[in-house]
Amino acid sequence: MKITEDVRKYAAEQAISEEEALKKGMEEKSKEFVEKGAVVYNPA
């Protein structure tokens, strides 16, 4: 799957484990979500 490949590539680039890459990615997306107003459905 493309997502798995992307995670493995990101982990290799950052010299971290795949688990750490997933955790870091989720933290970044969580921060981005909150910065954009924490709205699940954005109006068009």
Side-chain angles (χ1 to χ4, degrees):
M1 297 198 59
K2 176 134 176 49
I3 294 171
T4 303
E5 291 173 18
D6 291 346
V7 169
R8 288 181 178 150
K9 181 181 174 186
Y10 178 79
E13 290 171 354
Q14 300 296 316
I16 57 178
S17 72
E18 291 176 27
E19 186 176 307
E20 289 175 283
L22 289 171
K23 183 178 178 184
K24 185 175 179 180
M26 289 302 293
E27 288 173 356
E28 290 173 5
K29 283 297 182 182
S30 176
K31 188 180 201 181
E32 180 183 326
F33 177 71
V34 171
E35 288 173 356
K36 290 185 176 184
V39 178
V40 177
Y41 296 104
N42 290 320

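Every value quoted in this text rests on a predicted model; they were computed, and no experiment measured them. For the numbers below, each heavy atom of this structure counts, side chains included, while hydrogens, waters and symmetry mates do not.
- The 12-atom threshold is not exceeded at CD of Glu19, counting heavy atoms of other residues, nucleotides or ligands nearer than 6.0 Å.
- Glu20 is linked by a side-chain hydrogen bond (donor to acceptor under 3.5 Å, both in side chains) to Ser17, counting only residues two or more places apart in sequence or in another chain.
- Hydrophobic clustering, defined by side-chain heavy atoms of Ile, Leu, Val, Met, Phe, Trp and Tyr closer than 4.5 Å, groups Val7 together with Ile3, Leu22.
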Step-by-step salt bridge (Lys or Arg N to Asp or Glu O under 4.0 Å) determination, Lys31 to Glu28:
CA-CA 5 Å; Lys31 188 180 201 181; Glu28 290 173 5; over 6 Å; no

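- Pairs engaging residues 6-17 under the salt bridge (Lys or Arg N to Asp or Glu O under 4.0 Å) rule: Lys2-Asp6, Arg8-Glu18 [sequence neighbours left out].
- Side-chain contact between Met26 and Lys23: absent, with no pair of heavy atoms (C-beta onward) separated by less than 4.5 Å.
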